[in-house]
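For reference, the structure is listed below as structure tokens.
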There are 2 protein chains.
Amino acid sequence: MQPESSDQMLYSFLSGNQISGGGLCGSSSSTSSYYPLAISGIGETMAQDRALAALRNHKEAERRRRERINSHLNKLRNVLSCNSKTDKATLLAKVVQRVKELKQQTLEISESDQTLLPSETDEISVLHYGDYSNDGHIIFKASLCCDDRSDLLPDLMEILKSLHMKTLRAEMVTLGGRTRSVLVVAADKEMHGVESVHFLQNALKSLLERSSKLLMERSSGGERSKRRRALDQIIMV
Amino acid sequence: MQPESSDQMLYSFLSGNQISGGGLCGSSSSTSSYYPLAISGIGETMAQDRALAALRNHKEAERRRRERINSHLNKLRNVLSCNSKTDKATLLAKVVQRVKELKQQTLEISESDQTLLPSETDEISVLHYGDYSNDGHIIFKASLCCDDRSDLLPDLMEILKSLHMKTLRAEMVTLGGRTRSVLVVAADKEMHGVESVHFLQNALKSLLERSSKLLMERSSGGERSKRRRALDQIIMV
DNA sequence: TCGAACACGTGAAAC
DNA sequence: TGTTTCACGTGTTCG
């Protein structure tokens with residue numbers, strides 16, 4: 001039932017007889033723990049019993065510790081959908097990689113969410129995003145943040161058409177009477193170089209100026225359009 | 001320089017002398033590996049040397065393995081910004097929890113992204129989202145997916161105004177000539193009950209039908225507006 | 001036979 | 001004090 005008890009008795013005797021250094025199986029390099037060495041006597045059994053019990057407690061505690069660690073390792077194998085026979089080291093390496101990936105991912109997403117929400121100040125940015133050299137296109141990412149108005153998106157489209165740019169992707173978020181649009185546009189290389197970034201920037205600036213003009217007209221006593229009034233309903237959450 | 005070599009010689013002798021069971025310090029429960037037991041002779045040193053070399057290789061390999069594992073554990077301590085004295089077990093438990101959290105988080109985000117992207121089929125959904133009982137408002141989340149047209153958002157605002165609903169938050173994504181709008185709107189409780197969900201649904205339906213009508217008019221030879229043509233530039237990435 | 005990976009029991013140190 | 005955690009060297013198994 002307890003195959004290790006006899007071995008431990010045996011080991012205990014060995015340890016008492018000072019065989020194999022400090023009592024450790026192999027290496028040791030220990031200095032202390034020279035046992036009292038009561039070779040035979042009545043007190044010996046008591047001391048041996050105490051030591052034996054301590055040793056067994058220690059052994060079982062260590063076993064429980066190993067079980068705890070391995071249990072968590074198995075959980076990690078599950079969440080990473082790893083084979084149950086993947087190395088501990090390999091598994092941990094994958095875990096490190098996965099955690100880093102997930103952290104980076106959520107960081108990027110939260111950042112992109114932040115940039116997508118409208119801010120309180122007017123903003124224009126046009127970035128050179130990349131080239132599709134094979135089909136002769138330059139990609140820009142344009143971002144525009146300003147007061148909301150109903151004709152903003154159509155005006156934006158007109159601008160892009162006049163510049164012979166194609167809209168690959170468009171997102172618009174409206175919040176609290178403000179709006180932010182992010183557009184990914186492709187410009188024809190035969191028509192534009194990278195410097196056409198400035199064309200787009202100037203066009204967006206004129207768009208902002210037009211918005212300001214409209215707002216001033218409206219605020220100077222002119223009747224506000226139904227659309228504008230509808231947009232006024234947008235309030236902060 | 002090699003403090004363990006003497007111990008290993010010692011152990012080797014012990015093992016050769018069959019002390020402590022199968023050669024393991026404690027437990028064993030082994031069956032095989034009863035060594036040839038050439039107590040003394042010329043062949044003994046060769047066998048001992050071989051065994052010694054094997055044992056040393058084994059020991060060093062095991063040390064390298066431990067170093068690999070602990071190295072990865074330390075990396076995990078860094079990415080989790082844990083104290084360097086956190087338990088292996090506790091650390092691994094935290095890692096499991098963190099990975100699960102991050103997976104859930106990215107899942108939720110990607111799901112919300114999915115619902116935000118336009119689909120190929122027209123869709124309307126209005127959900128009762130919650131109540132702000134203290135200020136007498138019911139919150140709805142309305143989602144609309146259809147072909148893109150420039151007057152969609154203003155029309156939407158008109159509908160909400162006619163229903164005396166306030167837009168708390170509006171998002172619109174346009175992609176490939178399709179658009180999806182998600183609106184969070186607040187309805188006055190004194191004016192509407194929860195059943196006003198149907199008002200909103202019907203209004204959105206009429207919006208969709210109006211879009212279809214416009215499209216049919218356009219496709220039946222009528223001149224397409226500049227805006228519509230501008231929107232045609234939106235292509236899939 | 002050899003190497004890689006694991007569980008085990010131990011000594012030592014921290015608290 | 002005893003309890004807990006770690007590193008170590010070992011025996012064992014698998015490819």
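Chain naming here is simple, since letters A, B, ... match the order of the sequence lines and numbering starts at 1 in each.
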For nucleotides 3-5 of chain D, tabulate all protein N/O to nucleotide N/O atom pairs closer than 3.5 Å, reporting atom names and distance.
{"from": "D/dT5", "atom 1": "OP2", "to": "A/R68", "atom 2": "NH2", "distance (Å)": "2.8"}
{"from": "D/dT5", "atom 1": "O5'", "to": "B/D87", "atom 2": "OD1", "distance (Å)": "3.4"}
{"from": "D/dT5", "atom 1": "O3'", "to": "B/D87", "atom 2": "OD1", "distance (Å)": "3.3"}

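Side-chain contact between B/L76 and A/V95 is present, with heavy atoms from C-beta onward closer than 4.5 Å. The shortest side-chain heavy-atom distance between A/L208 and A/L204 does not fall under the 4.5 Å cut-off.
Under the Watson-Crick and G-U wobble criteria, each requiring two contacts below 3.5 Å, nucleotide D/dT1 is left unpaired.
Partner of B/E67 under the salt bridge (Lys or Arg N to Asp or Glu O under 4.0 Å) criterion, out of B/R64, B/R65, B/R63: B/R63 alone.
Atom P of nucleotide C/dA4 and atom CZ of B/R66 are separated by 15 Å, given to the nearest angstrom. The CD-P distance, from B/E67 to D/dC6, rounds to 17 Å in whole Å. Between the C1' atom of C/dA7 and the CD1 atom of A/I69 lies a distance of 12 Å, rounded to the nearest Å. The nearest whole Å value for the distance from the CG atom in A/N70 to the P atom in C/dC6 is 9 Å. For the pair A/N83 CG and D/dG15 C1', the computed distance is 15 Å after rounding to whole Å. Atom CD in B/E60 sits roughly 16 Å away from atom P in C/dA5 (whole-Å rounding). As a whole-Å value, the separation of B/R56 CZ from C/dG3 P is 12 Å. Residue A/R77 contributes atom CZ, which lies 10 Å from atom C1' of C/dC6 at whole-angstrom precision.
Remark: the B/S119 side chain and the B/E123 side chain contain an N/O donor-acceptor pair separated by less than 3.5 Å.
When all heavy atoms are compared, the tightest approach of B/M165 to B/F140 is CE-CE1, 4.0 Å.
Separation of atoms CG (B/L73) and CG (B/D87) is listed at 11.5 Å; rounding is to 0.5 Å.
In this structure, A/R63 and B/R50 both approach DNA chain C, and ranking their closest nucleotides by distance from the 5' end singles out B/R50.
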